[in-house]
Enquirer: 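The structure that follows is given in the form of structure tokens.
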Amino acid sequence: MDATTFEAAPKGKGFAGADRFVSEPIRPVVATSDASRMAIGEPGLPGEFVWRGRTVRVAQVLRTWRDTGPCRNGSGERYVRKHWYEVRTEAGETMKLYFVRQPRPGTKGPRWWLFSVAR
């Protein structure tokens, strides 16, 4: 994560070191993606996804933000690199997810990742 472009929100309840770093890919349940977000140029946040063999259901989106970075061709423009979502699940967990907007050249890896979990 590029710390110089991270749009951090103020720390609050559930952030005092309670997050467990995960950094694992998740598999969205495509039929549950939020199409309204796609209409404004964002990825469709999945309402459900599979992580470690279990289906996780999103109950509430707590906040969203983006990471940006410079153009890779030197033009001076800035581009969105990751879309971040902090969500509460139906099981009561708080999870931070992100979507990689522009995967590294030549890679076809996962685009949705689970960054951290707090119980």
Side-chain angles (χ1 to χ4, degrees):
M1 176 178 359
D2 182 355
T4 61
T5 60
F6 180 70
E7 301 170 18
K11 291 190 176 200
K13 190 174 183 179
F15 286 92
D19 287 9
R20 180 172 54 96
F21 179 67
V22 176
S23 188
E24 295 177 10
I26 59 174
R27 186 172 45 84
V29 176
V30 177
T32 67
S33 294
D34 183 357
S36 68
R37 291 189 184 275
M38 291 187 281
I40 59 171
E42 294 183 6
L45 176 67
E48 297 179 8
F49 58 89
V50 178
W51 174 56
R52 294 186 178 177
R54 73 173 173 114
T55 300
V56 177
R57 290 179 180 81
V58 174
Q60 179 182 12
V61 177
L62 302 174
R63 65 185 177 121
T64 66
W65 66 101
R66 298 178 303 232
D67 277 345
T68 61
C71 173
R72 293 183 178 136
N73 297 320
S75 75
E77 295 176 306
R78 297 194 66 77
Y79 291 93
V80 174
R81 300 288 183 222
K82 293 179 184 172
H83 291 269
W84 287 83
Y85 302 88
E86 183 175 27
V87 300
R88 178 157 298 117
T89 68
E90 285 186 353
E93 299 162 314
T94 300
M95 295 183 163
K96 290 180 187 156
L97 315 171
Y98 67 88
F99 176 83
V100 179
R101 184 108 180 142
Q102 300 170 336
R104 299 242 184 247
T107 64
K108 293 194 183 244
R111 296 185 71 184
W112 280 101
W113 291 79
L114 173 60
F115 181 76
S116 66
V117 177
R119 294 202 178 346

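Keep in mind that what you see is a predicted model, and the values were worked out from it rather than measured. Because only heavy atoms are used, hydrogens play no part in the values below, and waters and symmetry mates are left out as well, while side chains stay in.
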Enquirer: Quick check: is Val117 connected to Trp113 through a chain of hydrophobic side chains (ILVMFWY, heavy atoms under 4.5 Å apart)?
Expert: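 Trp113 and Val117: separate clusters.
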Enquirer: Applying a strict under-4.5 Å side-chain criterion to I, L, V, M, F, W and Y, I'd like to know whether Val87 and Val22 cluster together.
Expert: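 As far as the 4.5 Å side-chain criterion goes, Val22 and Val87 are connected within one cluster.
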Enquirer: Any idea which heavy atoms bring Pro43 and Arg101 closest together, and the distance?
Expert: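 The answer is CD-NH1, 4.2 Å.
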Enquirer: I need the Arg20 CZ to Thr94 OG1 distance, nearest 0.5 Å.
Expert: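 If I round to the nearest 0.5 Å, the distance is 12.5 Å.
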Enquirer: What residues, two or more places apart in sequence or in another chain, satisfy salt bridge (charged side-chain N to carboxylate O under 4.0 Å, His left out) together with Glu90?
Expert: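 With neighbours one apart ignored, the set is empty.
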Enquirer: Partners of Trp51 by ring-ring contact (aromatic ring centres under 6.0 Å, His included), sequence neighbours excluded?
Expert: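 Residues passing ring-ring contact (aromatic ring centres under 6.0 Å, His included) with Trp51: none at all.
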Enquirer: Rounded to the nearest 0.5 Å, how far apart are CG of Leu62 and CE of Met95?
Expert: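 If we round to the nearest 0.5 Å, Leu62:CG and Met95:CE are 12.0 Å apart.
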Enquirer: Report yes if some heavy atom in the side chain of Arg27 is under 4.5 Å from a heavy atom in the side chain of Pro46; otherwise report no.
Expert: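 No, every pair of side-chain atoms sits at 4.5 Å or beyond.
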Enquirer: Can you name the ring-ring contact (aromatic ring centres under 6.0 Å, His included) partners of Phe49, sequence neighbours left out?
Expert: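 Phe49: no ring-ring contact (aromatic ring centres under 6.0 Å, His included) contacts found.
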Enquirer: Could you report the tightest heavy-atom contact between Gly76 and Cys71, atom names first, then the distance?
Expert: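 Closest approach of Gly76 to Cys71, heavy atoms only: N-CB, 4.4 Å.
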Enquirer: If you link I, L, V, M, F, W and Y whenever their side-chain heavy atoms are under 4.5 Å apart, who else ends up in the same group as Val80?
Expert: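 Grouped by the 4.5 Å side-chain rule, Val80 forms a cluster of one, so the answer is none.
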Enquirer: So, taking the atom named CD1 in Ile26 and the one named OH in Tyr98, what distance separates them when rounded to the nearest 0.5 Å?
Expert: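 Taking CD1 in Ile26 and OH in Tyr98, the distance rounds to 10.0 Å.
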Enquirer: Distance check, rounded to the nearest 0.5 Å: His83 atom NE2 versus Leu45 atom CG?
Expert: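 His83 NE2 to Leu45 CG: 11.5 Å, rounded to 0.5 Å.
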Enquirer: Could you tell me which residues satisfy side-chain hydrogen bond (donor to acceptor under 3.5 Å, both in side chains) with Arg37, sequence neighbours excluded, listed by chain and number?
Expert: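 Per chain and number, Arg37 pairs via side-chain hydrogen bond (donor to acceptor under 3.5 Å, both in side chains) with Glu42.
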Enquirer: Output the distance between atom CZ (Phe99) and atom CZ (Arg66), rounded to the nearest 0.5 Å.
Expert: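 So the gap between those two atoms works out to 14.0 Å.
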Enquirer: Taking Arg63 for the side chain and Tyr85 for the main chain, is one N or O donor matched with an acceptor at less than 3.5 Å?
Expert: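 It does not hold such a pair.
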Enquirer: In this structure, would Val61 and Trp112 fall into the same cluster of hydrophobic residues linked by side-chain contacts under 4.5 Å?
Expert: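 Yes: a chain of side-chain contacts under 4.5 Å links Val61 to Trp112.
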Enquirer: Using the ring of each side chain (for Trp, its six-membered ring), is Phe115 parallel, tilted or perpendicular to Trp84, with breaks at 30° and 60°?
Expert: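 If you compare the ring of Phe115 with that of Trp84, the planes turn out perpendicular.
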Enquirer: Could you pull out all residues at least two apart from Ser23 that satisfy side-chain hydrogen bond (donor to acceptor under 3.5 Å, both in side chains)?
Expert: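 Applying side-chain hydrogen bond (donor to acceptor under 3.5 Å, both in side chains) to Ser23 gives none.
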Enquirer: So which heavy atom on Asp19 is nearest to which on Ser116, and how close?
Expert: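 For Asp19 versus Ser116, the nearest heavy atoms are OD2-OG, 3.5 Å.
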Enquirer: Output the distance between atom OG1 (Thr68) and atom NZ (Lys82), rounded to the nearest 0.5 Å.
Expert: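 Reported to 0.5 Å precision, the distance equals 12.0 Å.
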Enquirer: Okay, side chain of Arg119, backbone of Gly92: is any donor-acceptor separation there less than 3.5 Å?
Expert: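 Here the side-chain-to-backbone pair does not exist.
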